[in-house]
Structures are given as structure tokens and as C-alpha cells.
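Working notes, beginning with the structure itself.
By convention in this document, chain letters (A, B, ...) are assigned in the order of the sequence lines, proteins followed by strands, and residues within each chain are numbered from 1.
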Number of protein chains: 2
Amino acid sequence: MNLADRKRQLVVDELTEAALQLMAVKGFEVTTVDEIVATAGVSRRTFFRYFASKEDVLVQLLAYLGDVMRDTIASRPPAEPPAVVLRHALAEAIDDCRDSRDKALRVVQLVLVTPSLLARFLERQSQWQTMLAGALTARGVNEFRADLAAGTALAAFVTVLRRWSAPGSTDDPVALLDEAFTYLGPAL
Amino acid sequence: MNLADRKRQLVVDELTEAALQLMAVKGFEVTTVDEIVATAGVSRRTFFRYFASKEDVLVQLLAYLGDVMRDTIASRPPAEPPAVVLRHALAEAIDDCRDSRDKALRVVQLVLVTPSLLARFLERQSQWQTMLAGALTARGVNEFRADLAAGTALAAFVTVLRRWSAPGSTDDPVALLDEAFTYLGPAL
DNA sequence: CCTCCGTTGACACTCAGTGCCACCGGCGGC
DNA sequence: GCCGCCGGTGGCACTGAGTGTCAACGGAGG
């Protein structure tokens with residue numbers, strides 16, 4: 001990893017940490033970009049070189065979940081049934097959230113409770129749906145069914161996230177996902 | 001209906017028509033609120049008294065679909081299975097879209113193709129999900145399953161809308177929904 | 001040492017969205 | 001008919017998000 005790359009990564013980390021800390025305390029809307037960059041020690045212009053919008057600084061934190069799903073699917077045997085492939089992909093993503101509980105939980109709670117963040121997250125999720133559906137059609141699934149299956153799986157995903165991030169929840173997220181797939185799996 | 005109410009409705013119609021016409025031609029992002037209000041003949045300030053955001057002027061056009069779903073569910077017999085209730089609710093909403101094809105189709109196409117509009121629409125849809133899930137739990141469905149069922153049904157809903165609004169599509173939307181429920185229904 | 005290139009900061013600008021106040025027009029009471 | 005009330009409106013100023021531009025800085029390589 002290059003020096004320049006590490007410097008850029010450092011700026012990203014500083015900005016995301018400042019944003020997350022401020023927004024967790026004050027709330028998303030009332031936290032201004034000016035406050036974030038002041039805390040992080042960079043200029044306002046630099047913020048928008050790294051993030052397309054104020055929402056992006058948090059949504060970006062969950063973006064790697066899409067990569068996790070994609071990679072997981074790629075590693076599954078081609079003959080595996082769609083429902084099983086999807087379950088593994090989502091389980092891997094949720095497992096990653098559970099591992100980094102401290103950070104992921106704060107982000108998910110903030111996203112699910114803030115309308116504009118939820119909106120941007122769901123938009124991102126619809127990109128995941130396109131990706132997942134593409135992976136299924138590549139495995140020979142009918143295009144319409146692939147869209148439905150991907151959409152259904154992601155609906156289960158957010159429902160599990162909602163349960164998991166609910167205050168006072170003691171449920172294991174992967175167990176929740178398994179329960180969801182007990183119901184939904186046969187239909188995919 | 002009051003005189004004042006009709007005057008307000010007139011302003012809403014004028015603004016939505018101006019917005020829809022401009023955005024369909026130029027695209028959503030490049031259409032400014034100033035242009036919309038100039039076309040509609042009201043002040044900028046008035047626009048934001050009727051719509052919470054620039055996105056809202058289009059998303060609001062689809063808001064009644066939520067009411068259609070709610071009313072449809074209320075009219076179904078209490079003992080009807082959840083899958084059938086949901087199918088009727090969505091079928092009624094989609095039927096309404098099909099009837100007003102000229103306007104609804106333009107709106108749906110614009111919403112599905114514009115990221116920020118899609119984001120706001122999906123956020124609205126997540127409110128529908130809460131409403132639908134509540135209706136199911138009121139009918140005795142387990143809360144987790146109700147959330148899953150509502151999310152799955154709405155995932156089918158957008159998939160059908162996507163097919164229906166695709167350029168050159170000749171599919172009947174209600175038939176598409178029925179096909180989707182052939183797969184998904186048993187799992188709900 | 002100099003040049004090239006990527007990153008940054010500063011400034012100016014557009015546009016979305018909000019608070020505030022003054023104004024107008026209908027409507028009921030006197 | 002006059003007056004006060006009130007919902008809707010327009011104008012204005014302001015904050016904050018997001019973008020284009022340019023000059024300056026600093027490291028990598030010749």
C-alpha cells in the first residue's frame with residue numbers, strides 16, 4: 001500500500017470517525033459538514049472529494065457489505081440452489097456486522113432511525129438487488145424470479161438488521177436470518 | 001369540498017403538472033424549483049408550503065397508493081390468510097396505476113430512473129411496510145413474520161413496477177403480480 | 001535541483017430549504 | 001357598511017449542501 005494511499009485512508013478514517021461521533025450525539029440533520037471537517041481538521045472542500053454527500057459518509061461505511069455478498073456468491077458452487085446462495089451471502093454480511101459490533105451497530109441504528117439516511121441506504125440496497133439478481137440469472141435463474149428472489153432476500157436483510165439494532169435486543173442476527181429463510185427460502 | 005380546499009387543490013395540481021412536465025423533458029436534477037414555480041405561477045415560498053422537498057412533488061403523487069393498500073386491507077375479511085390480504089392490497093394499488101396509465105407511468109419511470117427520487121420513494125415504501133406489518137399483526141400474525149411478509153410483498157411490488165414501466169413492456173401489471181405471488185405467496 | 005502530478009485549501013457560486021414579517025382577501029360580529 | 005380575525009401568499013434574508021476553479025504545497029522521479 002502506497003504512502004499516498006495510506007494518507008487518503010487516514011483522511012477517510014478521520015472524517016468518518018468525526019461524523020459518526022458527532023451524529024451519534026447530536027443527530028444527523030443538525031450536524032453540519034462544517035462541524036465534521038473542523039473536528040477532522042480538513043477543509044470543507046476535501047470532505048466532498050471523499051464523499052458525494054453528507055449521507056454518504058455513513059452509507060459508505062456499509063458499502064463493503066455489498067462486496068462481501070458479491071464475493072460470497074462467487075465462492076459458492078455454481079449448482080447450489082438460489083435460496084442457499086442468497087442465505088450464505090446475507091449471512092456473511094450480517095456476520096461481518098456482528099463481528100464489528102461496536103461500530104456497525106452505531107451506524108445501523110443511526111441509518112435506520114434517520115429518514116434521509118434510510119432513503120440513501122435503501123437506494124444503495126437497490127443496487128445490491130440488481131447485483132444479486134444478476135448473479136442469479138448468471139446461474140440460470142429466470143430474470144423475473146431472480147429480481148423477486150433478490151428483493152425478498154434483501155427485505156429479510158433489513159428486517160433482521162432492524163431487529164438486531166433495536167434497543168434491548170438480545171437476538172443473534174444470524175439466527176434471525178436463518179429463521180427468516182426458514183419461511184422464505186422455499187419460495188426462492 | 002370547501003372553496004379554500006379547492007383553491008389549495010388547484011395550486012397542488014398546477015405545481016405537480018409543471019414539475020412533471022419539466023422533469024420529464026429535462027430530467028429531475030437539472031430542473032430547479034424556481035423553474036417549476038415560474039411555470040406554475042406561484043412563489044417559491046408557496047412551493048415549500050405544499051411539498052417538503054423537490055422530491056416530494058413526485059413522491060406525493062404515489063402517496064395515495066399507501067391509502068389504497070390500507071383501505072383494501074380494512075375491507076378484507078379478518079380470517080383471510082395474510083398472503084391473500086397482501087395480494088389484494090397490492091393488486092388494488094397496481095390496478096390504480098394501470099387505470100391512470102398516462103400519468104402514473106410517467107411518474108414511475110421518472111422515479112425509478114432517478115437515484116434521489118428512488119431513494120425517497122423507497123423511504124416512503126418502508127413506511128408502507130410498517131403499516132402493512134401492523135395490519136398483519138392486528139390479524140394475529142407473529143411480528144417478525146409480519147415484517148418479513150410485508151417487506152417481501154413490497155419487494156414484489158417494486159419489481160412489478162419496474163417491469164411494467166420498462167420501455168417496450170407489454171406485460172399486464174396485475175398478471176405480473178399474480179405470477180410473483182404464485183412463487184412468494186406460500187411463504188407468507 | 002527541477003519538474004510533474006496528485007492532493008489540498010480557499011473562494012465564489014448555485015440551489016434547496018426555512019424563518020420571519022407584511023400583505024391581501026374572505027368571513028363573521030357589531 | 002365597518003372592523004377584527006385568519007388562512008394563504010409573496011418577499012426577503014439566511015443557513016447549509018454541493019460544485020467549479022485556481023493557486024499553492026509536497027512527494028516521486030529524472
Exercise for the section: Give a yes or no on whether a salt bridge exists between A/D56 and A/R120, defined as a side-chain N under 4.0 angstrom from a carboxylate O. Expected result: no
Problem - B/R163 with A/E143: basic N within carboxylate O range, under 4.0 Å - result: yes
Exercise for the section: Please work out if B/T31 contacts a base, only the sugar-phosphate, or nothing of the nucleic acid, heavy-atom cut-off 4.0 Å. Expected result: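 Result for B/T31 = sugar-phosphate.
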Exercise for the section: Indicate whether the side chain of A/S75 and that of A/T72 have a donor and an acceptor atom separated by less than 3.5 Å. Expected result: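 A/S75 vs A/T72: no donor-acceptor pair found between side chains.
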Practice task
Ignoring hydrogens and angles, state whether a donor on the side chain of B/D13 or B/Q9 is under 3.5 Å from an acceptor on the partner side chain.
Solution key: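 The answer is yes; a qualifying pair exists.
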Practice task
Can you check each nucleotide of nucleotides 18-30 of chain D against protein heavy atoms at under 4.0 Å and return B for base, S for sugar-phosphate only, - for none, in 5' to 3' order?
Solution key: BBBB------S--
Exercise for the section: Flag this pair as yes if the NZ/CZ of B/R145 is under 6.0 angstrom from the six-membered ring centre of A/Y183 and inside a 45 degree cone about the axis; otherwise no. Expected result: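 So B/R145 does make the cation-pi contact.
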Practice task
Please state how far atom CD in A/E35 lies from atom C1' in D/dA17, giving the value in whole angstrom units.
Solution key: 14 Å
Practice task
For B/R6 and D/dG8, give me the distance from atom CZ to atom C1', rounded to whole Å.
Solution key: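 Taking CZ of B/R6 and C1' of D/dG8, I get 16 Å after rounding.
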Give a yes or no on whether the backbone of [Y] and the side-chain of [X] come within a donor-acceptor separation of less than 3.5 Å.
{"X": "A/T114", "Y": "A/L117", "result": "no"}
{"X": "B/E17", "Y": "B/E14", "result": "no"}
{"X": "B/T159", "Y": "B/A155", "result": "yes"}

Problem - Presence of B/T46 side-chain N/O under 4.0 Å of D/dG10 phosphate oxygens OP1/OP2 - result: yes
Exercise for the section: For DNA chain C, note the earliest and the latest nucleotide, 5' to 3', having some atom under 4.0 Å of a heavy atom belonging to chain A. Expected result: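 In short, chain A contacts DNA chain C from C/dT7 to C/dA10.
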